[in-house]
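Notes follow the structure.
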Amino acid sequence: MSEKPAGWYYIGDGTLRYRDDYGWTEYYMDTKDPRAQDWPPPKPKTMLQQLREDEAARSAAAAAHRGSRMSTIFGRRRARH
């Protein structure tokens, strides 16, 4: 185990780097990043999960939009009750 606790550390030149229980990771963040404004920034695992959720939501919205556009292109309309 390392001597420092896991978390984000300032490494110079406006850059943060994440250190886990085993040492330095490949995760970097600019101090101007909006996520860095709330200290401490979220863990990389949390940020990656948020990105996946956001991407899934965008994909679902795009698929719904494509479906309505395709029905318009092919002249199919939904029946109204």
Side-chain angles (χ1 to χ4, degrees):
M1 184 170 216
S2 68
E3 66 280 354
K4 293 184 179 183
W8 289 99
Y9 289 88
Y10 183 75
I11 59 169
D13 295 328
T15 304
L16 302 173
R17 188 171 182 187
Y18 192 76
R19 182 181 181 97
D20 64 14
D21 290 333
Y22 303 103
W24 294 110
T25 66
E26 70 276 4
Y27 299 108
Y28 293 87
M29 182 186 303
D30 191 283
T31 55
K32 294 177 184 166
D33 189 313
R35 296 171 294 188
Q37 301 308 310
D38 295 326
W39 192 259
K43 294 179 181 180
K45 185 176 181 178
T46 304
M47 289 191 297
L48 290 172
Q49 183 62 35
Q50 289 171 344
L51 286 172
R52 288 183 189 119
E53 290 170 0
D54 292 347
E55 182 60 29
R58 279 193 296 274
S59 294
H65 181 68
R66 270 195 309 273
S68 66
R69 190 173 63 213
M70 293 302 285
S71 62
T72 303
I73 291 172
F74 292 109
R76 297 181 181 146
R77 297 183 187 184
R78 294 183 181 180
R80 294 184 181 199
H81 298 283

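Since this is a predicted model, take the numbers as computed values, not measurements.
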Same apolar cluster (I L V M F W Y, side chains within < 4.5 Å links), Y9/W39
no

Rounding to 0.5 Å, atoms CZ (R19) and CD1 (I11) come to a distance of 12.0 Å

NZ of K4 to CG of D21, rounded to nearest 0.5 Å, is 14.0 Å

> Are any of the side-chain nitrogens in R52 or E55 under 4.0 Å away from the carboxylate oxygens of its partner?
Replying inline: no

Could you tell me if the side chain of D20 sits less than 4.5 Å from the side chain of Y27, heavy atoms only?
no

Nearest heavy-atom approach of M47 to P42 is CG-CG, 3.7 Å

Inset, instruction - Considering only NZ, NE, NH1 and NH2 on the basic side and carboxylate oxygens on the acidic side, decide whether K32 and D30 come within less than 4.0 Å. - result: no

K43 and Y18 have their tightest heavy-atom pair at CG-OH, 3.6 Å

For A36 and T31, the nearest pair of non-hydrogen atoms, with its separation, is CB-O, 3.8 Å

Nearest heavy-atom contact between R17 and T25 is NE-O, 2.8 Å

What one should report as the nearest heavy-atom pair of Y28 and W8 is C-CZ3, 4.0 Å

Under 3.5 Å donor-acceptor, D13 side chain and T15 backbone:
no

